[in-house]
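For reference, the structure is listed below as structure tokens.
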Amino acid sequence: MAHADKSAPSNPVAAFFKIEGTAIALVFALLVILFMLTAPRAFLGYRVYMSFMANVPPPMIIALGLTLVVVAGEMDLSFPSVVAFASYVFCILYQDYNWTWLALIAALATGTVMGFINGLVVTKLGIPSLIATLAMLFLWGGLLTVISNGASLAIPQIVGDPIQVVFAGRLGPLPVQFFWALGVAVLVWMILNRHRFGESLLFIGDSLKVAKVVGIPIEREKIKLFTLMGLLSAFAGVLLTLETTTYFAQAGMGYLLIVVAAVFIGGTSIFGGSGKIVGTVFGSLIVAIIEAGLVASGVAGFWTRFYIGLVFIVSVTMNAAIEDPDKVPLLKDLRARVKRY
Amino acid sequence: MAHADKSAPSNPVAAFFKIEGTAIALVFALLVILFMLTAPRAFLGYRVYMSFMANVPPPMIIALGLTLVVVAGEMDLSFPSVVAFASYVFCILYQDYNWTWLALIAALATGTVMGFINGLVVTKLGIPSLIATLAMLFLWGGLLTVISNGASLAIPQIVGDPIQVVFAGRLGPLPVQFFWALGVAVLVWMILNRHRFGESLLFIGDSLKVAKVVGIPIEREKIKLFTLMGLLSAFAGVLLTLETTTYFAQAGMGYLLIVVAAVFIGGTSIFGGSGKIVGTVFGSLIVAIIEAGLVASGVAGFWTRFYIGLVFIVSVTMNAAIEDPDKVPLLKDLRARVKRY
Amino acid sequence: QEAADSGLTMYFQMGGNPGDTATLARELGAREAARILKVNLIEQHSGWDPQKMLVQASEALAAAPDAIAIMGHPGVAAMTPFLNKAKEEGVVVVLTDTNLPGTGLNYFGADSYGAGRNLADLAVKDGKLKAGDKVLVYGAFIEGAAGAITAKGTVDYLKENGLGVETLQWTQEAVLDPSLSVPVLVAYLESNPDTKAILVPGHGGVTAVLAKVLKDAGKKPGEVTAAGFDISSASIQGVKDGYITAVLDQQPYLQGFYGVLSAVLQKKYGLGNTQMFTSTGSMTKDNVELLEALVKTGIR
Amino acid sequence: MSSQATSNQATPSTPIVRLENVGKQYGKVVSLKNVTLEIGSNEIVGLIGDNGAGKSTLIKVLTGVEPPSSGTLYVRGQKIDAASYTVKEAHKLRIETVYQDSSLGEKQPLWRNFFVGRPLTNRLGFIDVKAEKRVADQIMRSTIGFRGVGISVDTPVSRLSGGERQGVAIGRAMHFDSDLIVLDEPTVALALKEVQKVLDFIRSIKAGGRSCIYIEHNIHHVHEVCDRLVVMDRGEVALDAPTSSMTYIELTDFLMSLHSRRPAAGASH
Amino acid sequence: MSSQATSNQATPSTPIVRLENVGKQYGKVVSLKNVTLEIGSNEIVGLIGDNGAGKSTLIKVLTGVEPPSSGTLYVRGQKIDAASYTVKEAHKLRIETVYQDSSLGEKQPLWRNFFVGRPLTNRLGFIDVKAEKRVADQIMRSTIGFRGVGISVDTPVSRLSGGERQGVAIGRAMHFDSDLIVLDEPTVALALKEVQKVLDFIRSIKAGGRSCIYIEHNIHHVHEVCDRLVVMDRGEVALDAPTSSMTYIELTDFLMSLHSRRPAAGASH
Ligand SMILES: Nc1ncnc2c1ncn2[C@@H]1O[C@H](COP(=O)(O)OP(=O)(O)OP(=O)(O)O)[C@@H](O)[C@H]1O
Ligand SMILES: Nc1ncnc2c1ncn2[C@@H]1O[C@H](COP(=O)(O)OP(=O)(O)OP(=O)(O)O)[C@@H](O)[C@H]1O
Ligand SMILES: [Mg+2]
Ligand SMILES: [Mg+2]
């Protein structure tokens, strides 16, 4: 039996950064401080933050759902089409039929059904989810164009409607949707870490063989997973629509890389079996803040994209290094060498 | 010890479809036949095929490289920027300095160095390759726009130059680049299935723990892998440039989803440890033919994307079902039920 | 009467993705003309990728149709081999959206460069901008990208008139999901409170969120001049609310319609070398009500 | 070859499980061939045989991990529908198994591995983490092997030594007290003292009136604790007899002689 | 506690490997503590101890899988640089290991698993597949366990039974004839006859003038074939003595008494 080394300094700082999310929160804080220094006018005011809080929720909610999907060792690339579909359903029902709460329910139901079908395709046809959902991205997107006839819709009249106030209004200057996103984050955290469904996902992602052998109904849980992902994407779509009061045919497509980046910057492993919900929350914030921060800092035109890439790499590396320097091979080597000589 | 069942009919058809690539080749053939029926005007002529053979090689070569990356359980999303970078280097050296073969070498060297750096980022910083290469996609892309100032270049004068004839000329009606792509396919197949480097990749993708324990130098092999991927992407970039005689700043970006789709339609598993080179070749062809075929068949505009998604799903399912019906849970269930009642 | 029974087969490059905002009206126009003229219309979509436009042009040619409509994004040099081949085979080639100067093809679209200048001109006049005022141009500055020529026109005009021009390249993500550009532009305005105008040369979606940007940045209607392209329901609201000064319109419906029509006419009667700028008009406070109805149908 | 070809449904107590002509085929490989076997209540059955004889496969079929290719399965006299028979179903029927291949989620903490599939939840399905940790800790310390300070219930399985892992799997089986406990080479990787605990556990199964299937290559152990011996050979049951009918030496001789009596059929392939 | 505290570099034949004050720590967990140990040429050393005592960790350090946290490693008197010491390096130094955790690529065919890391290649690095298959087939059939028709060298490891897998790992060790062969619980999952083969193999190592470290919980086997016994306890060497100095009974008693003599230090954590 091994010993806990009494002499090993039980470093309280190191222990603190073992708590879920503290490391990535620090990275985010550093980024904000950096931008406060380089772009004080924008980042010392409150407006920029309000704008983030209004626009981050949709991708953040999707990223939270995707985190669960990744935990189970799967992928979902079809969410942009689900976002657009839900947005369309909501808009058209609101505009043409004057539905409000029912329109919300219909939109969510649409996303849920789409997610359910994604789940069926993945489990019943046995197609790896990455390619299956890529195909569904096209399929749903195409279907939507056919149904909507490609039109875009605007529902400016919704501003002030109770449904808009509840989901995308302002509490003072604070955009309400941000609290919804935080609510979803708490819920998803609870599901993953405290609910039997989350436990199933953890084991499914860890090893399908083990999951089967311990009696987890793999197929059913996967279908539930994709269904939930559909529901969350649809909710994101509705929030987006309520904030912009418009529907575009490509709505959601721009989120594809962003959401994927948010999940993995948050520190969730692509190999499944573990997931960091708090990480995803901050990952979404980091992804959202980078470009605005760079632009406000006056980074010259074409350099922005270069720096976005750089900040991605630095953030991920710092997140790992703060949690445990040995996770970064370069630092590990350095430490080993310093120790030796 | 188990017995081989003497009574089990050793079905020659089933055996045939166990040979690598036969199933996916059949799927491709069926697709071509389908389009011959729905769009005889285009698909009974030879010219459509010449057009494919001229345009498929770049994404096919990248997909071949990506297959190796996926075999090792990694991802590379940075290739579009590498394609563009190589294309730029080639064009500018050809145009401004009159380099020809040297321009080719410089372009390939550029891609190789970029791939090498990708490899360093993945191994030395320990960043998961999906997010690392996504970051590098932005970083390299940003750098290129800065260097090129966002300009496009055209080198129409290269038509007829030996370098163009060798790499993108025509043998009768046949585009030479297709043979280069096939050559790369053979080479990559040999590397994966017959070379020690390929064996290392197979074990690395299968289990890092096992790879370490059997003495595979994981870090070095991964760096080699990303370097090779960079080289192949650069080669694809040069072929692309030679065919279109132009460099676009966004060159390669359109390949992102296409190449990923080609690899996974080809049947390579996202979980690593195995890869189907022949599958990737046909996967690339299928991806290329779908849209053109649907368009030529007169599928009404809005429906195209819907059908692309559908054909993806049908192709992947058929590929699996032809190889072994039990791979498709739906068919397996059906068979079990039929057997029972 | 004869022309109406054309029976031609025509490949038509529509631009982005099926049904998206910058593509839809062109599709509808082309389909309408095809219906009337009994043209077998085959639609291609490139996602605005010049590379893909080239590939699709060669695929179209391989199918030996009567006519092909292309776009000029790849540039003259890249398009020349295709044009030569098409000529050899007697396939009629029509251009829409972006011109290929010097090729003498039938062209239907905006004078992109001129439209860009026009946008700047409108903004300067309506927004009463003076020399030295700081103007942000948010658009595409990468050659070959959709909107790059327009952006150049805008920037050139502003510079010629002595305004302080700042350029900001939009991202691929923001082009697809314009709401993503909101925090970026808000951050810019916060950092540069002396900005007098934001101009968006060439993107309906981004134009549509301009009102939101100004609201979020705490600007009052008219405080910062905003102008952009492509009339949409959202930009109509922006104009009504006074946040958006002017929206230029390229009337892509006409590009689709005339594109097909001219191909038929050229094939049947050899009537070619037509060039038409489909619009120089714009939407402002004065005509916004009138345009609103048409937008809902997808025609504008 | 099976000595129990005739049905014995006439016995007063119905057997806990009964396999009837069960076959299992993986592609061309036949792992089980016409196996008929039953496990009565309150008996410890030793399952032995060569590597690859089909022992683990038999267990997998029995516990719902793999559907049989042919044949029928009865639990307490009830015919089981192979299509819907899963591990979860087996748990409900009070069959508990320690599999030979690791059945632990490597990245998951020990306490989750302990309760996975059957967590302690409230009505909404939320897990009572504290209770789970407490119980897991208790079992791990009091029964199988964790006395040190290096490991706690929060340790992920990937950090455990080979024996410690096996300990978790067995502890789990001990906790979920069932009517039939199936152990597939449970003592593998265990140290001396722990092996004794496993044997004691098997005896306690018997004492508690429950049943057990015990797979083991150490004939010594099998002979020591089992009531009945079943020898498998190339997918078939080669022997099914009470332990008392054979001495340890006789059994060893029988096993050694198996292949000379039945030469490998057609090594050509 | 270690009985070999003093250096014995003065012995005529330098030991094959020598660990000096080697420690290994995983985060807070100390798996090895100041271990000093050497393996001389042509000796069979039995390494025993409780689950989690640190045996496998010791092996991993010794064979380049994990770098030690402290201490030094000598192979044939040469100091080894921990930073550049890898499994490949160990292979070059003619150390061959069968690890406790599976070291087989599940999806790969048997023949690849046999030669991986050391394939038979031509000068360009291309593998001679035919030769590899032939050799693998030969070893698998003639030494460890595959006589049936179900399995061939093309079978992926994931389809093998537990014992068959272990057979592949041992077969590999038998083929690459080395100076020091390390076996971490090699008989696990093996059937009676195959266990005998492994023991015979160990004897043949001795006969061939080579050395072996043999980790095993079955004290019987250890006592039977080993020249020297090393008992590990909580990361330290608790005993290092020639087998002849202790009878089987004495050894068992010693092992059983270990923990009563050394109560677990500070179970509070
Ligand atoms: N998934 C599978 N696919 C193909 N063959 C398999 C599969 N699983 C097991 N087999 C084969 O079935 C036979 C029986 O395997 P099984 O695991 O039941 O043996 P076992 O008696 O448990 O052996 P051991 O004592 O070595 O654990 C073996 O020859 C094995 O190769
Ligand atoms: N990667 C790791 N991280 C943390 N702790 C570890 C790791 N590997 C091993 N340990 C711990 O080190 C101790 C020694 O483990 P080791 O595998 O060496 O034991 P062992 O003597 O081989 O036991 P067994 O007989 O059960 O195989 C164990 O308590 C284990 O929990
Ligand atoms: Mg077994
Ligand atoms: Mg061990």
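Computation of the quantities below employed the complete heavy-atom set of this structure, encompassing side-chain atoms and omitting hydrogens, waters and symmetry-equivalent molecules. The chains referred to below are lettered A, B, ... by the order of the sequence lines, with proteins before strands, and numbering in each begins at 1.
Taking CD from B:Glu243 and OG from C:Ser58, the interatomic distance works out to 7.5 Å, rounded to the nearest 0.5 Å. Taken to the nearest 0.5 Å, the CG atom of B:Leu153 stands 8.0 Å off from the CD atom of C:Glu143. In this structure, C:Leu61 CG and B:Ser51 OG are separated by 8.5 Å, a value rounded to the nearest 0.5 Å.
Both tests pass for C:Arg31 against the ring of B:Phe302: distance under 6.0 Å to the centre and angle within 45° of the axis.
Within the 4.5 Å cutoff, the side chain of C:Tyr11 has heavy atoms near those of the B:Val295 side chain. The shortest side-chain heavy-atom distance between C:Glu59 and B:Phe52 falls under the 4.5 Å cut-off. The closest side-chain heavy-atom distance from C:Leu54 to B:Phe248 is below 4.5 Å. In this structure the side chain of C:Lys52 never reaches within 4.5 angstrom of the side chain of B:Met253, judged on heavy atoms. Between B:Thr304 and C:Gln44 the shortest side-chain heavy-atom distance does not fall below 4.5 Å.
The choice from B:Thr245, B:Leu294, B:Leu240 that makes the most heavy-atom pairs within less than 4.5 Å of chain C is B:Leu240. Among B:Ser152, B:Ala42, B:Gly254, B:Ala154, the residue making the largest number of heavy-atom pairs under 4.5 Å with chain C is B:Ser152. With chain C as partner, the option from B:Ala151, B:Ala292, B:Gly298, B:Pro156 having the largest number of non-hydrogen pairs under 4.5 angstrom is B:Ala151. For the options C:Val55, C:Asp49, C:Val76, heavy-atom pairs under 4.5 Å to chain B are most numerous at C:Val55. Between chain B and the residues C:Pro74, C:Gly47, C:Pro81, the largest count of heavy-atom pairs under 4.5 Å involves C:Pro74.
Remark: C:Tyr258 OH is loosely packed, at most 12 non-hydrogen atoms of other residues, nucleotides or ligands lying under 6.0 Å away. Atom OH of B:Tyr97 sits in a sparse spot, with 12 or fewer heavy atoms from other residues, nucleotides or ligands closer than 6.0 Å.
Using a 4.5 Å cut-off between heavy atoms, B:Glu291 touches chain C through its side chain atoms alone. Only the side chain of B:Thr145 comes within contact range of chain C, with heavy atoms under 4.5 Å apart. Contact of C:Phe82 with chain B is not made at all, since no heavy-atom distance falls under 4.5 Å. No part of C:Thr80 comes within reach of chain B, as not one of its non-hydrogen atoms sits under 4.5 angstrom from that chain. Both the backbone and the side chain of C:Gln51 have a heavy atom closer than 4.5 Å to some heavy atom of chain B. With a 4.5 Å cut-off on non-hydrogen atoms, C:Gln172 does not touch chain B at all.
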I'd like to know whether C:Glu89 forms a side-chain contact (heavy atoms from CB on, under 4.5 Å) with B:Arg47, so could you lay out the CA-CA distance, the side-chain angles of the two residues, the decisive distance to 0.1 Å, and finally the verdict. CA-CA 13 Å; C:Glu89 293 171 14; B:Arg47 290 207 312 207; 2.9 Å; yes

